[in-house]
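Report on the structure given below.
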There are 2 protein chains.
Amino acid sequence: MPKRFPSVAVTVDLVVLTVRDDRLQALTIRRGEAPYKGQWALPGGFLRPDEDLPAAAVRELHEETGVSSDRVHLEQLGSYGAPDRDPRMRTVTVAYIALAADLPAPTAGTDAADARWWPVDELLGGAALAFDHATILRDGVERARSKLEYTPLAAAFCPAEFTVSELRHVYEVVWGTTLDPRNFHRKVTKTDGFLAPTGETTTRDGGRPAQLYRTGRAVQLHPPLMR
Amino acid sequence: MPKRFPSVAVTVDLVVLTVRDDRLQALTIRRGEAPYKGQWALPGGFLRPDEDLPAAAVRELHEETGVSSDRVHLEQLGSYGAPDRDPRMRTVTVAYIALAADLPAPTAGTDAADARWWPVDELLGGAALAFDHATILRDGVERARSKLEYTPLAAAFCPAEFTVSELRHVYEVVWGTTLDPRNFHRKVTKTDGFLAPTGETTTRDGGRPAQLYRTGRAVQLHPPLMR
DNA sequence: ACAAAAGTGTTATTATTACACCCATGA
DNA sequence: TCATGGGTGTAATAATAACACTTTTGT
């Protein structure tokens, strides 16, 4: 077939979210080149010729954070393709969200002058992200927030073994609410398949030792948790 | 910037769903050219050089169905970009779902030898769709099914004014369940913002005249309807 | 002993389910 | 008058929300 179609550059961008210092934070890269030189942007890069979209997301995540995809929840968020979204050329980006437990302090990637975590409320209130990345971040945060309601995804923000109150802390930080510790405990421990007890306990939060749990086999919460 | 990125063809594909003859049906186009010549495929086409993604979806919808985007719910489903998904070239497709009230019998579009509605269960059980369109269709149907739970989207499958039982029929067909007419009636009429009464009544379903409603201003159902 | 966090019990309220029953029309 | 669907009432069950109270650790 002759080339009678417009050529477009396809990129993959990542909304990498974690809970750090009691805030929901996103990973940003400071751009080393024009356009938007010196501004913060979401990590991402070009799709390679023989690479599927999820593979590109895993690769970018590894390049930017040094993290392998184990213990990170990666899912496609959506695609953004306004004709003027990149002044250099026509691009369509496929955005992914990555939810992870507190990651190591980021090391600057190849293209990046610097990399750091930012609380998402600071990024969304005023701070100017490059390209349409504020929109992508906003959509990614909203996706994460609503998925906590009806999936056991909050555990992606926790280490492999965690306590009920660590899990509750994730909900409180991501949603910006407070939850009744007692009702929350009942809800998550009684919802079948949400949590699998390890049998171990920990006192790392102080007070009475707490049961440690791993994520269960459930993929949907029924009924959902309400914000 | 020099072209040091791989060039990819970006297409937009549509999962156009409607409720027809008591079945959930999807619009398909018979391919007139190789590859997959003669097989059924989802409608779609190349993204144009100066076109945003939603605009391309609206344009393709109009070209394939003659329908303008009024009274059709269009939303992005996701992107699919396996390197071998099209044998001719590297493509990434951005899929949209379009939910519409019973549309006119389709007229064949420019590229298409033929176009028709197929019940989705027939398309997903055995019938061979071109490319990765079976996956896209399956994802689109699942998206539509779950969105009926927590949004007032079922009304997109109804004409501008509709009765409660017409709305219930949509749920029953899309979910493949039966619902108690009395409890359903209470639920949808009592959920604030779901339905706006027009004041008119109709007897088009026989029996006692039913109130006609338009869609309300709610965008979320709280609490959700359960399958 | 006391602070701190884990976890259980209890009650009021709200939502869902199942189903009896009445209403308003056309044939 | 009868069939057909529209619509309300009600009681049993289930889930949520609010909060008193007990448990088990560290200091």
Side-chain angles (χ1 to χ4, degrees), chain A residues 22 148-150 152 154-155 158-159 161-173 175 177-214 218 220-227, chain B residues 22 148-150 152 154-155 158-159 161-173 175 177-214 218 220-227:
Chain A
D22 303 337
L148 293 205
E149 294 186 16
Y150 58 93
C158 295
E161 300 192 349
F162 54 89
T163 66
V164 170
S165 64
E166 287 166 351
L167 185 67
R168 175 168 48 84
H169 186 242
V170 167
Y171 277 92
E172 292 182 330
V173 167
W175 284 348
T177 55
T178 58
L179 297 168
D180 185 294
R182 299 151 303 184
N183 292 336
F184 182 84
H185 185 279
R186 221 189 322 261
K187 173 80 181 183
V188 299
T189 54
K190 297 282 166 63
T191 297
D192 192 63
F194 194 160
L195 298 179
T198 65
E200 310 277 303
T201 60
T202 181
T203 61
R204 64 179 171 236
D205 292 328
R208 169 175 169 180
Q211 273 291 327
L212 280 169
Y213 294 89
R214 260 188 276 276
Q220 291 272 325
L221 260 37
H222 197 82
L225 267 150
M226 294 300 181
R227 277 189 237 201
Chain B
D22 303 338
L148 293 206
E149 294 185 16
Y150 58 94
C158 294
E161 301 192 348
F162 53 89
T163 66
V164 171
S165 64
E166 288 165 350
L167 186 67
R168 176 168 47 85
H169 186 240
V170 167
Y171 277 92
E172 293 182 329
V173 166
W175 284 349
T177 56
T178 59
L179 297 169
D180 185 297
R182 297 152 304 180
N183 292 336
F184 182 85
H185 185 278
R186 219 189 324 258
K187 173 82 182 181
V188 298
T189 55
K190 298 283 168 63
T191 297
D192 191 63
F194 194 161
L195 299 179
T198 64
E200 310 277 303
T201 58
T202 181
T203 59
R204 63 180 172 235
D205 293 328
R208 170 177 168 178
Q211 273 290 326
L212 280 169
Y213 294 89
R214 260 187 278 275
Q220 292 271 325
L221 261 36
H222 196 82
L225 266 151
M226 294 296 182
R227 277 190 236 203

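Only a predicted model underlies this, so the values are computations on that prediction, with no experimental measurement involved.
Across the protein-nucleic acid pair, B:F184 atom CZ and C:dA18 atom P stand 16 Å apart, rounded to whole Å. At whole-Å resolution of the value, CG in B:L212 and P in C:dA24 are 17 Å apart. One can place NE2 of A:H169 at 14 Å from C1' of C:dA5, the figure rounded to the nearest angstrom. Atoms NE2 (A:H222) and C1' (C:dA15) sit 13 Å apart, rounded to a whole Å. At whole-Å resolution of the value, CZ in A:R186 and P in C:dA6 are 15 Å apart.
Both B:Y213 and A:D180 sit near DNA chain D, but only B:Y213 has its closest nucleotide nearer the 5' end. Taking for each of B:M226 and B:G207 the nucleotide of DNA chain C with the nearest heavy atom, the 5'-most of the two is the partner of B:M226. Where B:Q211 and A:G206 each meet DNA chain D at their nearest nucleotide, the meeting point lying more 5' is that of B:Q211.
Here A:T189 lies out of heavy-atom contact (under 4.0 Å) with every strand.
Phosphate proximity of C:dG7 to A:H185: present, with a side-chain N or O under 4.0 Å from OP1 or OP2.
Within the 4.5 Å cutoff, the side chain of A:P223 has heavy atoms near those of the A:K187 side chain.
Counting atom types as modelled, B:N183 pairs a side-chain N or O with a base atom of C:dA18 as donor and acceptor under 3.5 Å. One N or O donor and one acceptor, one from the side chain of B:R182 and one from the base of C:dA20, sit under 3.5 Å apart.
Extent of DNA chain D lying under 4.0 Å from chain A heavy atoms, first and last nucleotide in 5' to 3' order, is D:dA15 to D:dT25.
Between B:L167 atom CG and B:E172 atom CD the span is 10.5 Å, to the nearest 0.5 Å. Atom OG1 of B:T202 is separated from atom CZ of B:F162 by 13.0 Å, given to the nearest 0.5 angstrom. Here the CG-OG1 distance, from B:L195 to B:T189, works out to 7.5 Å after rounding to the nearest 0.5 Å. In this structure, CZ in A:R168 is found 11.0 Å from CG in A:N183, a value given to the nearest 0.5 Å.
Out of C:dG9, C:dA6, C:dA15, the shortest distance to the side chain of B:K187 is found at C:dA15. Checked against C:dA18, C:dA5, C:dT10, the side chain of A:R208 finds its nearest nucleotide in C:dA5.
Scanning all heavy atoms of the two residues, the minimum distance from A:A218 to A:D192 falls at CB-O, 3.9 Å.
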| said: Test side chain to side chain donor-acceptor pair (under 3.5 Å) on A:D22 and A:H169; report intermediate values, then the result. | reply: CA-CA 8 Å; A:D22 303 337; A:H169 186 242; 2.9 Å; yes

